[in-house]
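To start, the structure under review is shown below, and the notes come after it.
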Number of protein chains: 2
Amino acid sequence: MTMSNTGGRRKPPTIHDVAREAGVSRGTVSRVLNGGHYVSPTAAEAVNAAIRKTGYVVNRHARSLITGRSDSIGFLLTEPQERFFEDPNFNVLLRGCTQALAAHDIPLLLMLAGTEDERRRITRYITAGHVDGVLLVSSHSGDPVAQELCEAGVPLVACGKPIGLGSKVSYVAAADRDGARDMVRYLLSLGRRRIAVVTGPLDTPGGVERLAGYREVLAEEGIEYDDRLVVSGDYSRASGEAGAERLLAQCPDLDAVFVASDLMAQGVLTALERAGRSVPQDVSVGGFDDSSAALAARPQLTTIRQPYDRISAEMVRVLLAQIGGEDPSAVILPTELIKRGSA
Amino acid sequence: MTMSNTGGRRKPPTIHDVAREAGVSRGTVSRVLNGGHYVSPTAAEAVNAAIRKTGYVVNRHARSLITGRSDSIGFLLTEPQERFFEDPNFNVLLRGCTQALAAHDIPLLLMLAGTEDERRRITRYITAGHVDGVLLVSSHSGDPVAQELCEAGVPLVACGKPIGLGSKVSYVAAADRDGARDMVRYLLSLGRRRIAVVTGPLDTPGGVERLAGYREVLAEEGIEYDDRLVVSGDYSRASGEAGAERLLAQCPDLDAVFVASDLMAQGVLTALERAGRSVPQDVSVGGFDDSSAALAARPQLTTIRQPYDRISAEMVRVLLAQIGGEDPSAVILPTELIKRGSA
DNA sequence: TTCTCTACTGTGAACGCTCACAGAAGCATG
DNA sequence: CATGCTTCTGTGAGCGTTCACAGTAGAGAA
């Protein structure tokens, strides 16, 4: 119908052109391209020179057609979309994964599975083999997409321990429980005794583990667990604000709040300010993540740093290993207490 | 060496399998797949049934090999990477583009060109024809990547008017000048007369235009332009904070600040708070973007809304049209004044 | 009837690459 | 001299599609 490529792109050189230019055969060029074993130094040099001269770039479609690999990776987000907007962690993760893959010359396909339709479309796309593996961000339990991909045998690495996918799925996570323990111990060291907590969603391992760390430390220190001091949120700023208001109503005597994410902690700060409690004088507030929200908050948040740069790098490493035939594995990375103004 | 695909993925059905199942030829199946012209209802029905039965999904690599199209689009970010972290606008844009493309069943490849190496790698990748077109986010002038892509005739749509790429490149932008005018007029309507401004980078059209809008309105109202009331930032929160401090030092009598981005406005609020100025009583603050930062700020920001959802949708529309052979075009979308607590 | 036109269908070739195989050359060993 | 081994190279086949072309069947017109 219409003339394509108005700009006038010319036909790119093929492996054949390079072969002719270098005075060798296609096979030799291909060998130079992939590994370079069993090829003489002279031939290799000639081929490389020809590649430079012609400006040859391999046609990945042709390669994929025969190898069966796509040499690309999907970054799949099955969280509700609002979180993607709001949560600075996703940015960091996405960037880290993109860069780690770039080092292997592997493009990243961004896939957002918000609606049911999108879910189906993406599942088909992936199981059809259009990506070699999937980096999954979805902490919610019983994710049907993840389930299907697992069953279809698609290499998969989750960010955070997935629930209900059996033990055969790889994941990379921060040491949530340890991090929570560090924070609660720190709050105790400040002399706080009525420490409230705003948990993450309790159908996610992150949410569960951080609460578990809190309870462990309390038990170890002989402090009674008071469930009026515990409310749960969904990692959003709004849920932090609402949670803090519930806490203030239930336990006006609280002197610290451990919040399971920095974004929620922002909301907590807002609620405390409105209630006339000053931070950190009246109430100490501890966050979790060390996302950019921690620096944006007023006062800046004392928080538990999740090493997102390392997490993304590990996710990519584990996924590529798995695509290469290795068994699934789990990686837990240590967290770090970062002290700032809020506690 | 190693056995690939431990999970045991089976070979997916091909067009041949579908043809056999439906009792027709490859050609007919292909015709049903692409448009469906010149194919009898009976055959079409049989083919569709066979597709459903076999679970057939087209092999895009094989298709691309022959059509020359890749049926994928690159989302290219050449901004310094920190902005990508911090700025909530990117998220919205990225999400919007991904979804708009998903509606056309076109995957989005995320490309971050931070370092010089990455720039080269990505340029080669794109000019080699591995994507059909590029959605470009890079407002900085003289972007070498954009330049090269343009010259190579790669279909390209920029977010915001690009500088120095000639008039033959498509772009989608908000009406920056109008938006700035609306905000300044609104601040005047509040009785403010000493209106300071924190501009964006002045090597970007956005930065220039928003400042121009400010000056226009001042001139129209017969208010003298005072360049001590003008400082420029780089859209980051930190630069907003620093800018406000300079302004307060230079012009302690300022009674309003028009800030060229919400993120910078957050920094401005911080600096004003530290200086003991209350917002909006002592000083009115107006932002720009209506990003999530506007809601996160305290008080919430009165701002100029950029319709990012429409911008991303238009970017995709224009790009696809251009790939289809149409000429480059520019789209300017209207902004909207959103009143909240800060002014 | 015969011819033409339209609506539809099948077939071979090609896209650019990798892979398996065959073969050539060089060198050491029997 | 034959044999085997290692290192290197070229060649044909095939990956799963689309595209151009040829061909068939049926309807309508001459």
Side-chain angles (χ1 to χ4, degrees), chain A residues 1-5 9-47 50-51 54-72 105 125 128-130 132, chain B residues 1 4-5 9-48 50-51 54-72 105 128-130 132:
Chain A
M1 292 298 165
T2 50
M3 287 282 292
S4 226
N5 291 332
R9 286 206 258 178
R10 271 207 317 282
K11 240 185 164 188
T14 75
I15 202 173
H16 218 111
D17 300 324
V18 176
R20 186 154 20 83
E21 179 70 34
V24 298
S25 70
R26 296 176 349 254
T28 301
V29 177
S30 178
R31 273 183 288 266
V32 172
L33 252 39
N34 310 300
H37 280 303
Y38 284 89
V39 45
S40 69
T42 3
E45 187 44 50
V47 167
I51 288 177
T54 55
Y56 170 77
V57 178
V58 67
N59 182 324
R60 299 170 91 109
H61 301 303
R63 173 184 283 172
S64 294
L65 185 54
I66 192 162
T67 61
R69 284 176 285 120
S70 72
D71 290 319
S72 66
D105 207 25
Y125 187 87
H130 291 315
D132 296 338
Chain B
M1 291 295 165
S4 226
N5 292 332
R9 286 206 259 178
R10 271 207 317 282
K11 241 184 164 190
T14 75
I15 202 173
H16 218 112
D17 299 324
V18 175
R20 186 154 20 83
E21 180 70 33
V24 299
S25 70
R26 296 177 346 257
T28 301
V29 178
S30 179
R31 274 183 287 266
V32 171
L33 252 39
N34 311 299
H37 279 302
Y38 282 90
V39 45
S40 69
T42 1
E45 186 45 49
V47 168
N48 283 319
I51 288 176
T54 55
Y56 170 78
V57 179
V58 67
N59 182 325
R60 299 170 92 110
H61 301 303
R63 171 184 285 173
S64 294
L65 184 55
I66 192 160
T67 60
R69 285 175 286 120
S70 71
D71 290 318
S72 66
D105 207 25
H130 291 316
D132 296 339

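Just so it is clear: chains get the letters A, B, ... in the order the sequence lines come, proteins before strands, and each one is counted from 1.
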### Summary
Rounded to the nearest 0.5 angstrom, the CG-OG1 distance for B/Asn59 and B/Thr14 is 9.5 Å
### Query
Does anything in residues 21-30 of chain A reach DNA chain D, meaning a heavy atom under 4.0 Å, and if so which residues?
A/Val24, A/Ser25, A/Arg26, A/Gly27, A/Thr28
### Task
Just say parallel, tilted or perpendicular for the rings of A/His130 and A/Tyr125, cut-offs at 30° and 60°.
tilted
### Task
Apply side chain to side chain donor-acceptor pair (under 3.5 Å) to B/Ser72 and list each qualifying residue two or more places apart in sequence or on a separate chain.
B/Ser70
## Note on the structure
A correct 5'-to-3' footprint of nucleotides 22-27 of chain D, with B, S and - meaning base, sugar-phosphate only and no protein heavy atom under 4.0 Å, is ------
### Task
Only counting residues at least two apart or in another chain, list the ones meeting side chain to side chain donor-acceptor pair (under 3.5 Å) with B/Ser64.
none
### Query
How long is the line joining CG of B/Asn59 and C1' of D/dG16, in whole Å?
6 Å
### Task
Round to a whole Å and report the spacing from CZ of A/Arg69 to P of D/dC15.
17 Å
### Query
Can you name the salt bridge (charged side-chain N to carboxylate O under 4.0 Å, His left out) partners of B/Asp105, sequence neighbours left out?
A/Arg121, B/Arg60
### Query
Roughly, in whole Å, what's the span from CG in B/Asp17 to P in D/dG16?
9 Å
## Note on the structure
Residue pairs meeting salt bridge (Lys or Arg N to Asp or Glu O under 4.0 Å), one or both in residues 21-40 of chain A, sequence neighbours left out, come to A/Glu21-A/Lys53
### Message
Checking B/Ser30 now: which residues fulfil side-chain contact (heavy atoms from CB on, under 4.5 Å) with it, not counting sequence neighbours?
### Response
B/Ile15, B/Asn34
### Under-4.0 Å side-chain N/O to phosphate OP1/OP2 contact, A/Ser40 with D/dT9
yes
### Message
Between B/Tyr38 and D/dA20, is there a contact of a side-chain N or O with OP1 or OP2 at under 4.0 Å?
### Response
no
### Query
Going 5' to 3' along DNA chain C, which nucleotides are the first and last within contact of chain B (any atom under 4.0 Å from a heavy atom)?
C/dC8 to C/dG16
### Query
Quick one: side-chain contact (heavy atoms from CB on, under 4.5 Å) partners of A/Ala46, sequence neighbours excluded?
A/Ala22
### Query
Within the structure shown, what part of the strands sits under 4.0 Å from B/Arg60 by heavy-atom distance: base, sugar-phosphate, or nothing?
nothing
#### Entry: Upstream residue (5' side of DNA chain C) when A/Leu65 and B/Pro41 are each assigned their closest nucleotide
B/Pro41
### Inter-end axis angle, the helix from C/dT1-D/dA30 to C/dG30-D/dC1, with every axis fitted to five base pairs (rounded, 10 degrees)
60°
### Message
Can you list everything that forms a ring pair (Phe, Tyr, Trp, His ring centres under 6.0 Å) with B/Tyr56? Sequence neighbours excluded, please.
### Response
none
### Message
Distance check needed: D/dT17 C1' versus A/His61 NE2, whole Å only.
### Response
13 Å
### Query
Residues two or more places apart in sequence or in another chain: which of them pass side-chain contact (heavy atoms from CB on, under 4.5 Å) with B/Thr67?
B/Arg63, B/Arg69
